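First the structure, in the form of structure tokens, and then the observations on it.
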Protein chains: 2
Amino acid sequence: MPNTPEVSSLTLNRLSIYLRSLRQLEEERVATISSQELAHRFHLSATQIRKDLAQFGEFGIRGVGYDVAQLALRLSRLLGLERRHAIVICGIGNLGRALAEYWGFNHGPFAVVAGVDQDPRKIGKRVGTFVIAAPDEIERLVRETGAEIGVLTVPPSAARESYLALVDAGIRAVLNFTLQRLEPRPGVRVKNVDLRINLEELAFHLGG
Amino acid sequence: MPNTPEVSSLTLNRLSIYLRSLRQLEEERVATISSQELAHRFHLSATQIRKDLAQFGEFGIRGVGYDVAQLALRLSRLLGLERRHAIVICGIGNLGRALAEYWGFNHGPFAVVAGVDQDPRKIGKRVGTFVIAAPDEIERLVRETGAEIGVLTVPPSAARESYLALVDAGIRAVLNFTLQRLEPRPGVRVKNVDLRINLEELAFHLGG
DNA sequence: AGATGTGAATGAGTTCACAGCT
DNA sequence: AGCTGTGAACTCATTCACATCT
């Protein structure tokens with residue numbers, strides 16, 4: 001097996017941006033584009049586009065540029081966006097509910113297919129495209145829906161427990177909105193999102 | 001004026017983490033801690049703690065460590081968290097409503113004090129601690145509440161307009177949840193948050 | 001003795017500049 | 001001629017290792 005040198009988040013996130021830019025160009029019926037012009041149109045760096053792509057092969061035609069549709073397709077495949085990824089949300093509070101109905105989580109390959117909550121009063125209520133279930137249903141839901149991604153929007157005290165339930169159910173990736181640190185588990189990728197920290201960063205610049 | 005070499009987001013975000021860790025130690029009545037032990041207890045790097053702090057002065061006592069309460073206070077001041085920062089939310093859809101009631105946005109120095117939405121049916125409705133107002137009220141709301149931070153949770157097509165309204169109203173920092181790029185304005189700091197991109201990053205690791 | 005604060009070394013990420021292909 | 005792909009240079013960030021202070 002070739003020694004896969006882990007791709008950085010920075011690169012991956014830029015690839016997402018490139019793909020979105022290409023999608024827009026497709027809508028404008030642009031057939032071909034140079035890194036130069038792509039960079040100019042979307043405020044990116046031409047060299048960086050080429051370097052980022054270089055990590056995964058050769059995508060362009062020298063002297064010409066990139067075939068928009070073809071590059072979009074290849075990036076989409078590369079990012080794993082050519083097949084469906086079902087999502088389960090743990091904790092249907094304000095944030096969980098918002099994400100359940102969030103466009104970005106229910107578009108293209110992504111779909112929120114289930115959600116669980118501790119609160120018996122919430123169980124059975126419809127949110128977005130699913131009905132809230134009890135936490136002990138996670139395993140069944142994951143099995144039946146083939147969900148791969150879990151979203152954690154529970155209170156911090158319930159984070160560890162919910163995380164382990166997701167892992168046991170066979171979830172392969174977790175988006176963690178709680179401030180609780182989660183212990184790494186083999187085969188499960190965790191991405192932490194800290195909404196509060198963004199405010200604190202802004203506050204710094206506002207000064208004391 | 002001394003040439004202020006812009007502090008990186010990475011450093012600032014770590015300072016937030018250090019502060020939270022110290023707060024927890026305060027609750028546990030720990031009076032003093034070394035970078036070594038702080039790192040060990042919260043999965044951080046001791047050298048990095050010292051380097052990060054070094055950018056802002058000397059905080060410790062050699063041979064002893066750091067006074068927990070004192071360092072917490074100094075970090076809190078440094079991050080601008082010792083005074084109140086009022087927040088206005090533009091766009092009270094699912095995400096806007098969730099953030100309006102989100103603990104992290106209504107705790108310590110932060111408070112969501114106002115929200116506006118285009119939709120006439122929403123105007124007048126109570127959300128969290130405020131009543132939804134019309135977009136043309138932004139200027140008055142910012143003036144009356146002294147809000148400094150604006151949160152953008154509008155549809156992408158309304159992003160630019162809402163942003164400019166916030167800027168005109170005198171907002172000094174913007175947390176942008178839309179995918180729309182915002183043109184920089186002098187004196188206004190923008191922090192973009194892309195929730196969708198996190199899913200795409202996870203999808204990459206799940207493979208095609 | 002024991003921990004901080006910091007120059008020096010290393011590593012990660014970006015930009016430059018150009019060889020090589022179309 | 002023009003643009004990609006890429007080694008080399010550079011900048012930013014982290015880690016090492018130790019002089020310095022209590």
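Lettering of chains follows the sequences in order, A, B, ..., and the numbering in each one begins at 1. Quick caveat: nothing in here was measured; it's all calculated off a predicted structure.
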Donor-acceptor under 3.5 Å (B:R83 side chain, A:G207 main chain) | yes
For [X], which residues count as a side chain to side chain contact (heavy atoms under 4.5 Å, CB included) partner, sequence neighbours excluded?
X: B:E82; value: B:R23, B:L73, B:S76, B:R77
X: B:A86; value: B:V113, B:A147
X: A:A173; value: A:I149, B:L202, B:L206
X: B:N94; value: A:A98, A:E101

What does nucleotides 15-22 of chain D look like as a protein-contact string, B for base, S for sugar-phosphate only, - for none, at under 4.0 angstrom between heavy atoms?
-> BBB--BBB
What are the 5'-most and 3'-most nucleotides of DNA chain C lying under 4.0 Å from any heavy atom of chain A?
-> C:dG13 to C:dT22
Yes or no on side chain to side chain contact (heavy atoms under 4.5 Å, CB included) for A:I61 and A:Q70, after CA distance, side-chain angles and deciding distance?
-> CA-CA 12 Å; A:I61 307 160; A:Q70 185 193 305; over 6 Å; no
For atom [atom1] of [X] and atom [atom2] of [N], their distance in whole Å:
X: A:H40; N: D:dG2; atom1: NE2; atom2: C1'; answer: 18 Å
X: A:F59; N: D:dT4; atom1: CZ; atom2: P; answer: 13 Å
X: A:L38; N: D:dG5; atom1: CG; atom2: P; answer: 13 Å
X: B:D52; N: D:dT14; atom1: CG; atom2: P; answer: 7 Å

Expected list for residues 66-73 of chain B near DNA chain C, using heavy atoms below 4.0 Å, is B:Y66
What residues in residues 9-25 of chain B put a non-hydrogen atom under 4.0 Å from any atom of DNA chain C?
-> none
If a pair satisfies side-chain hydrogen bond (donor to acceptor under 3.5 Å, both in side chains) and one of its residues is in residues 156-170 of chain A, list it, with sequence neighbours excluded.
-> A:R160-A:E183
Using a strict 4.0 Å threshold on nitrogen-to-oxygen distance, state whether A:E37 and A:R41 make a salt bridge.
-> no
Could I get the full list of side chain to side chain donor-acceptor pair (under 3.5 Å) partners for B:E201, not counting sequence neighbours?
-> A:S9, A:K191
Nearest-0.5 Å distance that lies between atom OH in B:Y66 and atom CD1 in B:I33 | 11.0 Å
List the atom of [X], the atom of [Y], and the distance in Å for their closest heavy-atom pair.
X: B:C90; Y: B:I138; answer: SG-CD1, 3.8 Å
X: B:L53; Y: B:F59; answer: O-CE1, 3.2 Å
X: B:A72; Y: B:L19; answer: O-CD1, 3.4 Å

Tell me, please, which residues at least two apart from A:F130 pass ring-ring contact (aromatic ring centres under 6.0 Å, His included).
-> none
Compute the bend angle of the helix from C:dA1-D:dT22 to C:dT22-D:dA1 from the end axes (five pairs per end), rounded to 10°.
-> 10°
After noting the C-alpha distance and the side-chain angles of A:L152 and A:L182, does the key distance pass the side chain to side chain contact (heavy atoms under 4.5 Å, CB included) rule?
-> CA-CA 11 Å; A:L152 273 181; A:L182 303 173; 3.6 Å; yes
